[in-house]
Amino acid sequence: MLYTSKEDFDGIWRHFLDLDRDYGAIKSRLRQNDEIMRSAIGCGEGIRILNQELWETVVSFIISASNNIPRIKGIIERLCEAFGDRIEYRGNTYYSFPDAETINALSLSDLAVIRAGFRDKYIKAAAEAVVNGDLSLDTLRSMPTPEAKKALMSVKGIGNKVSDCILLFGLGRADSFPVDVWIKRIMEYCYFDGEQPIKVISEFAENKFGALGGYAQQYLFFYARENKIGA
DNA sequence: CACCAGGTAGATC
DNA sequence: GATCTACATGGT
């Protein structure tokens, strides 16, 4: 059970959990697409797309590249424990996500304790870009999506898929349709006959789901994992 | 020991 | 342009 004040609920959690969005309307529109979306939604009725803090989203999805979810979580936890601020709250200990300045001040050997592997240099590159102004997080928020994507991809370690995830989860661009290995497989399995280039899948999704691409992606992602398509 | 994991950058043709 | 591969770490 989550206990919170009225102020925190309205000021933080309402937006973070995307509670003001009409997911009923989104689901009924997507269900009109085809039987596949009806099945996918059926196994993820409660899915919501969180509005996550932008810097945390940037780093988290850099870490996600060619990695598995338990290890991604472990790396992020170690990053916070080693370099975030310690927070004592109601008898429990938490650690904040370290800001860009903090991470930029670290050496790669400092970062080794989080065991991010080859991604450590990309985490540093992102921190450096934010600190030196090459990547302005505030400016990103007001940029058109294609420009924001280009700006994100100018950072080493942020490619096509990671930038789409940042756009979707950190910048609220709900039309973004990140194609990872799971999405690629489920799309090939459901909508194509055999393997397809990522670009073909992206364009197909854009035509089919349009502004609801991000929601469709989430239903398909959990549907694919639930049914272990290709795993 | 081989292969894979919410990919990307750099080299090569 | 499109394709190939190394990349750290940990699990199966």
Side-chain angles (χ1 to χ4, degrees), chain A residues 40 43-44 47-82 97 103 106-129 134-135 148-171 173-190 194-203 205 209 213-231:
Chain A
C43 86
I47 286 174
R48 311 187 76 81
I49 294 184
L50 303 180
N51 294 110
Q52 301 184 79
E53 198 282 321
L54 183 52
W55 170 243
E56 181 177 331
T57 305
V58 168
V59 176
S60 297
F61 280 100
I62 286 173
I63 291 168
S64 79
S66 188
N67 214 339
N68 57 64
I69 292 174
R71 209 168 86 83
I72 294 165
K73 290 168 70 174
I75 292 168
I76 294 170
E77 278 174 19
R78 290 191 289 276
L79 177 65
C80 295
E81 284 179 26
F97 196 91
I103 293 176
L106 302 172
S107 66
L108 286 182
S109 43
D110 292 331
L111 265 180
V113 297
I114 72 174
R115 284 170 284 158
F118 62 85
R119 307 163 193 82
D120 56 3
K121 56 186 174 294
Y122 300 142
I123 296 169
K124 266 217 71 175
E128 189 175 356
D134 285 349
L135 184 68
K149 178 162 177 166
K150 193 183 298 181
L152 285 165
M153 287 183 65
S154 72
V155 178
K156 298 296 179 210
I158 301 179
N160 181 59
K161 187 269 176 180
V162 168
S163 63
D164 281 343
C165 285
I166 296 166
L167 289 168
L168 180 58
F169 300 109
L171 288 166
R173 310 303 168 94
D175 56 331
S176 182
F177 188 89
V179 181
D180 58 36
V181 291
W182 289 92
I183 292 296
K184 185 172 186 294
R185 287 193 293 242
I186 188 79
M187 291 290 285
E188 287 164 348
Y189 183 77
C190 292
E195 288 208 44
Q196 299 295 327
I198 288 172
K199 193 173 182 181
V200 171
I201 295 172
S202 300
E203 287 170 3
F209 306 120
Y215 306 104
Q217 194 266 10
Q218 285 298 284
Y219 294 121
L220 288 167
F221 178 77
F222 286 99
Y223 182 60
R225 292 185 67 101
E226 190 76 21
N227 294 290
K228 302 193 184 318
I229 301 295

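The model shown is predicted, which means the values in this text are computed figures rather than measured ones. All chains are named by letter (A, B, ...) in the order of the sequence lines, taking the proteins before the strands, and each is independently numbered beginning at 1.
- We find that the ring of A/Phe118 and the base of C/dA6 do not stack by the test of centres under 5.5 angstrom and planes tilted less than 30°.
- Distance A/Phe222 CZ to B/dG6 P: 11 Å, rounded to the nearest Å.
- Taking atom NZ of A/Lys73 as the reference point, atom P of B/dG6 lies 12 Å away to the nearest angstrom.
- Here the side chains of A/Asn160 and A/Lys149 are in contact, with some heavy-atom distance below 4.5 Å.
- Going from atom CG of A/Leu79 over to atom CG of A/Asp120 covers 11.5 Å, rounded to the nearest 0.5 Å.
- Rounded to whole angstrom, the span from the CG atom of A/Asn68 across to the C1' atom of C/dG10 amounts to 7 Å.
- Where A/Ile183 and A/Ile158 each meet DNA chain B at their nearest nucleotide, the meeting point lying more 5' is that of A/Ile183.
- Listed pair A/Lys121 / C/dA8 meets the phosphate criterion, a side-chain N or O lying under 4.0 Å from OP1 or OP2.
- As rounded to the nearest Å, C/dT5 and B/dG6 have P atoms that lie 23 Å from one another.
- Residue A/Arg71 places a side-chain atom within donor-acceptor reach of the base of C/dT9, judged by atom type and a 3.5 Å distance cut-off alone.
- Protein atom OH of A/Tyr223 is 19 Å distant from nucleotide atom C1' of B/dG6, rounded to whole Å.
- Listed for the A/Lys124 side chain is a donor-acceptor partner under 3.5 Å among the backbone atoms of A/Leu106.
- With rounding to the nearest 0.5 Å, the separation of NZ in A/Lys161 from CZ in A/Phe177 is 12.0 Å.
- If A/Gly157 and A/Gln217 are placed on DNA chain B by their nearest nucleotide, the residue sitting closer to the 5' end is A/Gln217.
- In this structure, A/Val155 reaches the sugar-phosphate backbone alone: every heavy-atom distance under 4.0 Å involves primed, P, OP1 or OP2 atoms, never a base.
- Annotation: C/dG10 and B/dT8 have their P atoms spaced 22 Å apart (nearest Å).
- Dashed line: the shortest gap from a side-chain N or O of A/Arg225 to OP1 or OP2 of B/dG6 is under 4.0 Å.
- The OH atom of A/Tyr122 sits 5 Å away from the C1' atom of B/dA9 (whole-angstrom rounding).
- For A/Arg185, no side-chain nitrogen or oxygen approaches OP1 or OP2 of B/dC4 to under 4.0 Å.
- The pair A/Lys184-A/Glu188 meets the salt-bridge criterion, since a charged nitrogen lies less than 4.0 angstrom from a carboxylate oxygen.
- Note: CE (A/Met153) to C1' (B/dG7) measures 11 Å, nearest angstrom.
- Once rounded to the nearest 0.5 Å, the distance linking OG of A/Ser60 with CD of A/Glu53 reads 9.5 Å.
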Look for any protein N or O under 3.5 Å of an N or O in nucleotides 10-13 of chain B and output each such pair with its distance, or none.
residue: B/dG10; atom: OP2; partner: A/Lys156; partner atom: NZ; Å: 3.3

Take A/Asn67 and A/Ser64 through the test side-chain hydrogen bond (donor to acceptor under 3.5 Å, both in side chains) and record every step on the way to the result.
-> CA-CA 5 Å; A/Asn67 214 339; A/Ser64 79; over 6 Å; no
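- Spacing between atom CG of A/Asn160 and atom P of B/dG6 amounts to 18 Å, rounded to whole angstrom units.
- Atom CZ of A/Arg115 is separated from atom C1' of B/dA5 by 17 Å (rounded to the nearest Å).
- Remark: side-chain polar atoms of A/Ser176 are paired, donor with acceptor, to backbone N or O of A/Asp164 under 3.5 angstrom.
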